[in-house]
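Counting convention: from 1, in listed order, for ligands and their atoms alike. Atoms considered below: every heavy atom in the structure, side chains included; atoms not considered: hydrogens, waters and symmetry mates.
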Amino acid sequence: MTTTRFAPSPTGYIHVGNLRTALMNYLIARKAGGTFILRIDDTDPERSKEEYVDAIKQDLEWLGLHWDRVERQSERLDRYAEAADKLREMGRFYEAFETPTELDLKRKKQLNMGKPPVYDRAALNLSEAEKDALRAERGNGVWRFKLDHERIEWNDGILGDISIDAASVSDPVLIRGDGQVLYTIASVVDDTEMGVTDVVRGSDHVTNTATQIQIIEALGGTCPRFAHHSLLTGPQGEALSKRLGTLALRDLREQGVQPMALLSLMARLGSSDPVELRSEMAELIDGFDINRFGAAPTKFDVQDLFPLTAKHLQSLPLADVVDAVAEAGVPADLAEPFWAMARENITTLDDLKGWWELCRDGAEPLIADEDRDFIAEAIALLPEGPFDGETWGSWTKAVKEATGRKGKGLFMPLRKALTGMERGPEMAALLPLLQVIRARG
Ligand code: GLU
């Protein structure tokens, strides 16, 4: 059965880059009728925070990316220790004692000689006595996985055929000197034991994948299918990594971005299919195909989310936004006509407030000197209330007959006098909602 997982580290809020990973894994699982696991990668006790675990769940729930179960790496440390023992017994695990400074120096030397900066495995030559001495001096060493120096190959769901020479990669550290288990081994143990069949993650993990394939094989597991999506860049192709902090999902939510707008964009961005606004998750699931994504960096412009949000809102019936309409201050008996008037004139639901204020308080009239008499005449012709959708039509007809004005010369001064703006909602829909005028009627 298809099983995928989204595996965030709870060391911060999740952002659009993480969302891409979460969404792709979610869609693959749902399309196959499989299982989507939320795995919390919290083996780092210092950086992992419970508040981020809660925030990640809230963000995913907001988007409707429901998971089938949650797993936490911090609760599975004994499983990782077991796997580490197994690797030790197999002779694939060795302790190394270099300090970060020493490693840095080695790297610099290698680079100076035009060699790739790969760990030289000096620790493999240490005798037991030398290790004891180093342990006494520096504390426990780190544990490195001894890669087999052969080519590691897989067919990537996005990148196609990949072949990496293991000799060009440093033996990965799987356990730190202080005993902390690192993601590379924890992830392998989890993916294997949880029967994960498909792993989609960012292309920054490609080298990890190469080493993880060897670890999975050493532990006798089955490799999942891997796909690595390209990293997001800004609209000009600039690196987004530094700005991702401001592209947290909760910030986008704050700014009024609608989940379906965000999901519709992210389910297609970087693929050969056009971005289309969808109204239901089911449509996204149906239309998803990981193989249609490309390896090139993907441009992301946060501004693209707003037209999609606006379009999505326009399509909604009052029932879907009734809370937001009430929050904007609109009385329940006016909610229906208010929403009908406002929905094509908002970008986000936050804009409702402004339209309601206009209805409730009126606007500072915008009247050009040459229109003063005209406006006075028009106001005198305003019929008795109550107003409805026909009032604007019959009123402007009467004004036209009385003043001889027509077209823009007739409508624009009236719009500006009533709304203080040159553009806005259909006047026929707005007029019955203008409270000053209603009060008169
Ligand atoms: N915790 C890892 C990350 O957030 C998970 C990577 C993976 O999907 O394996 O980068």
Side-chain angles (χ1 to χ4, degrees), residues 2-29 34-50 52-53 55-57 59-60 65 67 69-77 79-80 83 145 152 154 156-159 162 169 172-176 180-216 219 221-232 240-241 244-245 247-249 266 290 293:
T2 299
T3 301
T4 65
R5 83 304 193 273
F6 172 50
S9 305
T11 54
Y13 297 119
I14 50 175
H15 49 65
V16 284
N18 305 123
L19 169 59
R20 210 153 174 242
T21 309
L23 180 60
M24 288 179 173
N25 285 294
Y26 173 86
L27 294 174
I28 288 173
T35 302
F36 176 61
I37 300 172
L38 171 59
R39 191 183 81 202
I40 306 293
D41 282 3
D42 56 352
T43 55
D44 182 341
E46 270 143 52
R47 295 179 58 226
S48 299
K49 298 259 176 330
E50 217 42 45
Y52 293 127
V53 176
I56 289 166
K57 289 180 178 172
D59 290 346
L60 293 177
L65 300 181
W67 53 89
R69 62 174 208 269
V70 180
E71 298 279 358
R72 295 189 66 137
Q73 292 196 325
S74 56
E75 289 166 4
R76 295 174 44 80
L77 299 179
R79 315 293 305 152
Y80 312 141
F145 175 72
I152 306 168
W154 74 94
D156 193 281
I158 294 175
L159 304 176
I162 300 280
V169 181
V173 174
L174 303 188
I175 298 184
R176 289 201 328 196
Q180 189 184 310
V181 175
L182 294 181
Y183 148 80
T184 309
I185 186 167
S187 179
V188 158
V189 171
D190 290 349
D191 290 343
T192 304
E193 292 188 4
M194 293 169 194
V196 171
T197 55
D198 296 81
V199 171
V200 183
R201 54 191 175 196
S203 50
D204 50 334
H205 281 291
V206 166
T207 309
N208 273 339
T209 297
T211 63
Q212 286 183 342
I213 286 175
Q214 281 207 1
I215 303 170
I216 294 170
L219 291 172
T222 311
C223 280
R225 282 180 290 272
F226 288 103
H228 296 83
H229 57 73
S230 62
L231 297 184
L232 295 179
L240 209 53
S241 46
L244 283 173
L247 294 172
L249 300 189
M266 297 318 279
I290 190 86
F293 284 79

Which atom of Ile216 lies closest to which atom of Pro224, heavy atoms considered: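 For Ile216 versus Pro224, the nearest heavy atoms are CD1-CD, 3.9 Å.
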Around [atom], find the nearest protein heavy atom and jot down its residue, atom name and distance.
atom: atom 8 (O) of ligand 1; value: Arg5 NH1, 2.7 Å
atom: atom 5 (C) of ligand 1; value: Ala7 O, 3.2 Å
atom: atom 10 (O) of ligand 1; value: His205 NE2, 2.9 Å

Any atoms of ligand 1 less than 4.0 Å from a non-hydrogen atom of Asp41? List them with their elements. 1 (N), 2 (C), 5 (C)
Can you name the atoms of ligand 1, numbered from 1 with element, that are less than 4.0 Å from a heavy atom of Arg201?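 Counting from 1, the qualifying ligand atoms are 7 (C), 8 (O), 9 (O).
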Does any N or O atom in Pro8 lie less than 3.5 angstrom from one in ligand 1, N or O only?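 For ligand 1, there is no N or O atom that lies under 3.5 Å from one belonging to Pro8.
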Ligand 1-proximal atoms of Phe6, by part, heavy-atom distance under 4.0 Å: neither
Quick one: do Glu71 and Arg5 make a salt bridge, cutoff under 4.0 Å?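 No, this pair does not count.
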Do Lys57 and Asp59 sit within salt-bridge range, that is, some charged N less than 4.0 Å from a carboxylate O?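 Result for this pair is no, no salt bridge flagged.
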What do you reckon, are the aromatic ring centroids of Phe36 and Phe6 less than 6.0 Å apart? no
Would you confirm whether the ring centroid of His228 sits within less than 6.0 angstrom of the ring centroid of Phe293?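 That pair fails the under 6.0 Å test.
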